[in-house]
Amino acid sequence: QVQLVESGGGSVQPGGSLTLSCAASGFTLNGWSIGWTRQGPGKAREGVACLSAIDGGTYHPDSVAGRFTMSRDIALNVVYLQMKNLKPEDTGVYHCAGERGGACLGAGRGVRQFHSWGQGIQVTVSS
């Protein structure tokens with residue numbers, strides 16, 4: 001079965017860095033679009049990163065562009081979200097998600113439409 005399992009997360013001070021991992025099993029990352037969403041307190045879920053199966057590019061909304069970097073290790077079947085210069089507004093529950101042949105739409109926000117999801121992990125940015 002298709003499975004995504006996140007790891008990492010936790011608490012970090014503003015300006016700090018954190019890297020999330022998402023291990024995929026039951027499928028190969030090639031041919032899949034994979035991304036990350038987050039949902040902060042009182043906020044709607046938003047896509048923050050998407051790696052496109054169409055062109056291989058990575059996409060981010062303006063809220064995280066320049067601070068978040070998504071990458072993948074095909075051999076290990078793992079994707080990563082490296083986050084730096086974290087802000088309190090980055091606090092939330094982060095999920096990885098995937099879609100076979102999916103497209104990254106709306107500067108990566110379309111990842112929220114994907115159909116395979118991890119369990120979610122908490123990221124808290126506070127002093």
Side-chain angles (χ1 to χ4, degrees):
Q1 290 184 325
V2 171
Q3 188 173 7
L4 297 169
V5 180
E6 300 102 331
S7 61
S11 298
V12 64
Q13 294 181 341
S17 299
L18 198 64
T19 298
L20 308 180
S21 300
C22 178
S25 62
F27 71 101
T28 301
L29 290 173
N30 283 333
W32 285 65
S33 290
I34 304 291
W36 294 85
T37 70
R38 69 183 181 190
Q39 187 168 20
K43 300 179 180 179
R45 179 172 292 178
E46 63 171 338
V48 296
C50 188
L51 195 157
S52 174
I54 305 300
D55 59 17
T58 57
Y59 301 87
H60 304 276
D62 290 342
S63 58
V64 305
R67 299 187 299 115
F68 288 17
T69 302
M70 187 175 174
S71 62
R72 65 180 174 183
D73 188 322
I74 295 178
L76 295 177
N77 227 29
V78 176
V79 299
Y80 305 96
L81 183 66
Q82 182 177 331
M83 304 180 290
K84 64 180 181 181
N85 192 25
L86 285 161
K87 305 174 180 180
E89 62 212 56
D90 296 319
T91 294
V93 177
Y94 284 67
H95 290 82
C96 65
E99 186 79 27
R100 183 181 180 184
C104 295
L105 303 175
R109 293 184 175 89
V111 67
R112 68 185 187 275
Q113 305 295 332
F114 291 176
H115 289 90
S116 299
W117 293 82
Q119 78 279 10
I121 49 175
Q122 178 71 37
V123 171
T124 301
V125 184
S126 67
S127 60

Please lay out, stage by stage, how W32 and V79 fare under the test side chain to side chain contact (heavy atoms under 4.5 Å, CB included). CA-CA 12 Å; W32 285 65; V79 299; over 6 Å; no
Before giving the answer on side chain to side chain contact (heavy atoms under 4.5 Å, CB included), spell out for V64 and K87 the whole-Å C-alpha distance, their side-chain angles and the decisive distance to 0.1 Å. CA-CA 10 Å; V64 305; K87 305 174 180 180; over 6 Å; no
Quick one, I121 with V93, criterion side chain to side chain contact (heavy atoms under 4.5 Å, CB included). Give me CA distance, side-chain angles, the key distance, then yes/no. CA-CA 5 Å; I121 49 175; V93 177; over 6 Å; no
Intermediate values then yes/no, side chain to side chain contact (heavy atoms under 4.5 Å, CB included), D90 and V123: CA-CA 8 Å; D90 296 319; V123 171; 5.6 Å; no
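Geometric assessment of R45 against the ring of W117 yields a positive cation-pi assignment under the 6.0 Å and 45° thresholds.
Here the side chains of L51 and W36 are not in contact, with every heavy-atom distance at 4.5 Å or above. Residues V5 and Q119 form a side-chain contact, since some pair of their non-hydrogen atoms from C-beta on lies under 4.5 Å apart. Residues V12 and M83 fail the side-chain proximity criterion, which asks for heavy atoms closer than 4.5 Å. Counting only heavy atoms from C-beta outward, the side chains of P88 and P14 approach each other to under 4.5 Å. Put simply, the side chain of F68 does not reach to within 4.5 Å of the side chain of T58, judged on heavy atoms. Side-chain contact check for H60 versus R67: every heavy-atom pair is 4.5 Å or farther apart.
Side-chain atoms of Q122 and T124 include a donor-acceptor pair closer than 3.5 Å.
Of the inter-residue distances, the one linking S116 atom OG with I34 atom CD1 reads 7.5 Å to the nearest 0.5 angstrom. For the atom pair SG of C22 and CE of M70, the computed distance is 7.5 Å after rounding to the nearest 0.5 Å. Taken from CZ in R100 to OG1 in T28, the straight-line distance is 10.0 Å, to the nearest 0.5 Å. Y59 OH to L105 CG: the interatomic distance, rounded to the nearest 0.5 Å, is 10.0 Å. For the atom pair OG1 of T19 and CG of L81, the computed distance is 8.0 Å after rounding to the nearest 0.5 Å. Separation of atoms CD (Q13) and OG (S127) is listed at 7.5 Å; rounding is to 0.5 Å.
Here the closest heavy-atom approach between residue A24 and residue L4 is recorded as CB-CD2, 3.8 Å. For the residue pair I54 and G102, the shortest heavy atom distance occurs at CG1-O, 4.0 Å. Counting all heavy atoms, side chain and backbone alike, T91 lies closest to V125 at OG1-N, 2.9 Å. Of all heavy-atom pairs between V48 and V111, the closest is N-CG1, 4.5 Å.
For the pair E99 (side chain) and S33 (backbone), a donor-acceptor distance under 3.5 Å is absent. Looking at E6, its side chain does come within 3.5 Å of a backbone N or O of G120 through a donor-acceptor pair. Without hydrogens or angle criteria, S21 side chain to Y80 main chain gives no donor-acceptor distance under 3.5 Å. In terms of modelled atom types and a separation under 3.5 Å, the side chain of R38 and the main chain of Y94 share no donor-acceptor contact. Distance alone, capped at 3.5 Å, is enough to place a donor-acceptor pair between the N77 side chain and the F27 backbone. In terms of modelled atom types and a separation under 3.5 Å, the side chain of H95 and the main chain of T37 share no donor-acceptor contact.
Between R112 and E46 there is no salt bridge, since no side-chain N of the basic residue sits under 4.0 Å from a carboxylate O of the acidic one.
Under a cut-off of 6.0 angstrom, the local environment of CG in D62 is sparse, with at most 12 non-hydrogen atoms contributed by other residues, nucleotides or ligands.
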